[in-house]
Amino acid sequence: HTGDASIGLTVLAGSKENPRDAKRLAAIVYALLPTVPSPDPQNPVSAVMTRNGPFLVPEDQPRARVYTTATLRVVARET
């Protein structure tokens, strides 16, 4: 069985006034997403179908928040 799972990833770093660190870290996370799938039987992720972001999220807190979403194709393991 295969299916899709949607995930959201949040990076909190830096400050709202200077979100550079949060944006850079979120860009690294975004770039690493395609490395998640593998043929390892212990890894249920077979593919990254979509990636969106990173998006700077305005909110009332001292740190900058950057949000990324992805849709992963997952494979059910036999038990």
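In this text, all values refer to a predicted model and were calculated from it rather than measured experimentally. Position 1 is the first residue of the sequence; numbering continues from there.
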Discussion item. Run the side chain to side chain donor-acceptor pair (under 3.5 Å) test against N18 and tell me which residues pass, sequence neighbours left out.
Written reply: none
Worksheet, complete the sentence: Residues passing the side chain to side chain donor-acceptor pair (under 3.5 Å) test with T10, sequence neighbours excluded, are none
Worksheet entry | ILVMFWY cluster, F55 and V11 together (side-chain gap under 4.5 Å) | no
Of all residues at least two apart in sequence or in a different chain, which pass the salt bridge (Lys or Arg N to Asp or Glu O under 4.0 Å) check with [X]?
X	result
E17	none
R51	none
D21	none

Can you list everything that forms a side chain to side chain contact (heavy atoms under 4.5 Å, CB included) with [X]? Sequence neighbours excluded, please.
X	answer
P37	V45, V48
D40	S38, Q42, N43
K23	P19, L56, V66

If hydrophobic residues (ILVMFWY) are linked whenever their side-chain heavy atoms come closer than 4.5 Å, directly or via other members, who joins [X] in its cluster?
X	value
M49	none
V57	Y67
L32	I28

Item to complete: Sort and list the pairs that fulfil side chain to side chain donor-acceptor pair (under 3.5 Å) and have at least one residue in residues 55-64, not counting sequence neighbours.
Response: E59-Q61, E59-R65
